[in-house]
Amino acid sequence: MEVASGVPAPEPGEIRALKQCLLRRNKSREQHGVAASCLEELRDKACDILAIDKSLAPVTLVLAEDGTIVDDDDYFLCLPANTKFVVLAGNEKWTHNSDGGTAWITQESFDRDETDSGVGMKWKNVARQLKEDLSSIILLSEEELQMLIDVPCSELAQELGQSHVAVQGLQNTLQQVLDQREEARQSRQLLELYLRALEKEGGILSKQQESRADLGDERDAVDTGIRENSSKVTPASQILLALKEKPAPELSLSSQDLELVAREDPKALAIALNWDIKKTEAVQQACDQELSLRLQQVQSLRSLRSISARTSSLPGDMENPKRTRRDPM
């Protein structure tokens with residue numbers, strides 16, 4: 001899969017926010033953290049940090065998870081912070097990790113938790129992410145939103161370099177985002193209850209239960225076959241817990257976690273959750289839709305901000321003719 005090129009050059013005087021990224025060479029586990037505002041800057045830093053000879057053109061950036069070629073700045077800006085990239089030079093081809101993409105299931109902690117051991121350090125990293133790009137509020141998990149809300153206003157103001165009034169407004173906005181997700185969850189629960197009531201009234205539910213009883217042995221046989229052909233997995237802590245216990249779990253997860261769930265192999269995820277394939281695929285589809293919605297919202301905010309910046313930077317001689325027309329009046 002390849003993202004089409006055609007990267008627009010930045011406008012004169014345009015300031016782009018830095019995005020945190022993780023870089024590594026193909027077939028290497030050693031990662032380097034960098035921050036870049038665009039793909040060209042990321043390529044340059046990758047060549048310097050990973051000691052890649054720039055004469056080995058082309059230098060290609062691909063997503064570490066599935067090998068998607070990233071060659072478009074707009075797509076790059078939509079990616080969540082700490083996205084992992086593999087840098088390919090010359091004729092190198094991307095190869096999948098040996099863990100089959102299920103490493104996040106078997107891990108007891110995530111990569112970001114390995115560097116941020118304490119809760120205090122974790123909220124500071126989230127705050128820095130907001131400082132670089134305020135629109136990333138949309139991409140945060142409910143846990144991260146609550147974490148910033150609970151931080152004392154004075155400490156958050158010091159970390160962000162903002163006044164207490166501005167930080168209080170920010171925390172109010174974070175609370176509103178959290179409340180909106182809870183309202184969306186409750187609405188979905190009410191809708192599910194309504195649909196179940198309709199099923200009961202029409203006798204559909206009883207027929208489904210009979211069908212499930214008839215197919216129970218077949219499902220057990222399929223599940224047994226899957227377990228025999230799959231390696232043993234240990235459920236991860238936060239993502240799997242949210243998927244199991246949270247109603248509408250896609251509203252609780254960060255965009256990075258949503259991407260992990262959406263791209264996971266359904267059979268491996270079903271085993272980890274002890275679910276059937278149909279339920280697992282439905283949750284994956286919901287996570288994919290929520291991720292797409294958040295990325296669209298982020299892109300819309302950035303587009304509006306770019307238009308606003310261009311409008312405010314119009315030269316004065318373009319506005320003077322309108323003033324001269326009004327003066328005789």
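What you see is a predicted model; the values in this text were computed from it and never measured. Here, residue 1 is the first one in the sequence, and each next residue gets the next number.
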Peer 1: Indicate the atoms forming the closest heavy-atom contact of Glu264 with Ala268, along with that distance.
Peer 2: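 Closest heavy-atom pair between Glu264 and Ala268: OE2-CB, 4.0 Å.
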Peer 1: Would a single hydrophobic cluster contain both Val177 and Leu160, if residues Ile, Leu, Val, Met, Phe, Trp and Tyr are joined by side-chain heavy-atom contacts under 4.5 Å?
Peer 2: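 Cluster IDs for Leu160 and Val177 match.
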Peer 1: Hey, does the side chain of Asp257 reach the backbone of Leu253 with a donor-acceptor pair shorter than 3.5 angstrom?
Peer 2: no
Peer 1: Can you see which heavy atom on Ala35 is nearest to which on Leu18, and at what distance?
Peer 2: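 Taking Ala35 first and Leu18 second, the nearest heavy atoms are CB-CB, 4.1 Å.
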Peer 1: If you group Ile, Leu, Val, Met, Phe, Trp and Tyr by side-chain heavy-atom gaps below 4.5 Å, do Ile239 and Leu251 land in one group?
Peer 2: no
Peer 1: For Asp71, is there an ion pair with Arg43 - N to carboxylate O distance below 4.0 angstrom?
Peer 2: yes
Peer 1: I need the minimum non-hydrogen distance between Glu92 and Val87, along with the two atoms involved.
Peer 2: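 The answer is OE1-O, 3.8 Å.
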Peer 1: Provide the closest heavy-atom pair for Arg185 versus Pro247 in the form atom of the first, atom of the second, distance.
Peer 2: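 So the minimum-distance heavy-atom pair works out to NE-O, 2.7 Å.
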Peer 1: When rounded to the nearest 0.5 angstrom, what is the spacing between SG in Cys21 and CG in Leu79?
Peer 2: 8.0 Å
Peer 1: Side chains of Asp44 and Glu40, heavy atoms from C-beta outward: is any pair under 4.5 Å?
Peer 2: yes
Peer 1: Side chains of Leu269 and Leu240, heavy atoms from C-beta outward: is any pair under 4.5 Å?
Peer 2: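 Heavy-atom side-chain distance check passes, below 4.5 Å.
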Peer 1: Any Lys/Arg nitrogen of Lys84 or Glu65 sitting under 4.0 Å from an Asp/Glu carboxylate oxygen of the other?
Peer 2: no
Peer 1: If you compare all heavy atoms of Cys287 against all heavy atoms of Val261, which two are closest, and at what distance to 0.1 Å?
Peer 2: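 Where Cys287 meets Val261 most closely, the heavy atoms are SG-CG1, 3.8 Å.
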Peer 1: Go through the steps for Glu159 and Arg128 under the test side chain to side chain contact (heavy atoms under 4.5 Å, CB included), then give the verdict.
Peer 2: CA-CA 8 Å; Glu159 183 65 32; Arg128 294 188 191 111; 3.3 Å; yes
Peer 1: So, taking the atom named CG in Leu145 and the one named CD in Gln175, what distance separates them when rounded to the nearest 0.5 Å?
Peer 2: 9.0 Å
Peer 1: Dump the intermediate steps for side chain to side chain contact (heavy atoms under 4.5 Å, CB included) on Glu30 and Arg24, then the final yes or no.
Peer 2: CA-CA 6 Å; Glu30 183 178 351; Arg24 67 173 174 86; over 6 Å; no
Peer 1: Treat each ILVMFWY residue as a node, draw an edge where side-chain heavy atoms are under 4.5 Å apart, and state whether Val70 and Leu42 are in one component.
Peer 2: yes
Peer 1: Take atom CG in Asn91; do more than 12 heavy atoms of anything else shown fall under 6.0 Å from it?
Peer 2: no
Peer 1: Looking at side-chain heavy atoms only, is the closest gap between Ser300 and Gln297 below 4.5 Å?
Peer 2: no
Peer 1: Quick one, Val62 with Thr68, criterion side chain to side chain contact (heavy atoms under 4.5 Å, CB included). Give me CA distance, side-chain angles, the key distance, then yes/no.
Peer 2: CA-CA 5 Å; Val62 303; Thr68 299; over 6 Å; no
Peer 1: When hydrophobic residues are tied together by side-chain contacts of less than 4.5 Å, even through go-betweens, does Leu293 share a cluster with Leu139?
Peer 2: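 The answer is no; the residues belong to distinct hydrophobic clusters.
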Peer 1: What is the distance from atom NZ of Lys19 to atom SG of Cys78, rounded to the nearest 0.5 Å?
Peer 2: 8.0 Å
Peer 1: In Å, rounded to the nearest 0.5 Å, how long is the span from CG of Leu130 to CD1 of Ile137?
Peer 2: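 Reported to 0.5 Å precision, the distance equals 5.5 Å.
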Peer 1: Is there side-chain contact between Val283 and Trp275, with heavy atoms separated by less than 4.5 Å?
Peer 2: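 Sidechains of Trp275 and Val283: in contact.
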Peer 1: Can you tell me how far apart NZ (Lys131) and CG (Leu156) are? Round to the nearest 0.5 Å.
Peer 2: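 CG of Leu156 is found 11.0 Å from NZ of Lys131.
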Peer 1: Which heavy atom in Ile149 sits nearest to a heavy atom in Gln171, and how many Å separate them?
Peer 2: O-NE2, 3.5 Å
Peer 1: Any heavy-atom pair between the side chains of Lys244 and Leu273 that's under 4.5 Å?
Peer 2: yes
Peer 1: Would you say Leu23 ends up clustered with Phe76 if hydrophobic residues are merged whenever their side chains have heavy atoms under 4.5 Å apart, either directly or through other cluster members?
Peer 2: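 Result: yes, single cluster for both.
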Peer 1: For Glu155, is there an ion pair with Lys124 - N to carboxylate O distance below 4.0 angstrom?
Peer 2: no
Peer 1: With rounding to the nearest 0.5 angstrom, report the CG to CD1 distance, Leu295 to Ile138.
Peer 2: 9.5 Å
Peer 1: Does atom CD of Gln158 have more than 12 heavy-atom neighbours, drawn from other residues, nucleotides or ligands, at distances under 6.0 Å?
Peer 2: no
Peer 1: How far apart are the C-alpha atoms of Leu140 and Arg294, what are their side-chain angles, what is the distance that settles it, and do they pass the side chain to side chain contact (heavy atoms under 4.5 Å, CB included) test?
Peer 2: CA-CA 10 Å; Leu140 297 180; Arg294 293 188 193 180; over 6 Å; no
Peer 1: Do the side chains of Val59 and Leu88 get nearer than 4.5 Å, heavy atoms only?
Peer 2: no
Peer 1: Check salt bridge (charged side-chain N to carboxylate O under 4.0 Å, His left out) between Glu132 and all other residues, then give those that pass, not counting sequence neighbours.
Peer 2: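 By the salt bridge (charged side-chain N to carboxylate O under 4.0 Å, His left out) rule, Glu132 matches no residue at all.
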Peer 1: Under the side-chain hydrogen bond (donor to acceptor under 3.5 Å, both in side chains) rule, what pairs show up with a residue in residues 279-289, not counting sequence neighbours?
Peer 2: none
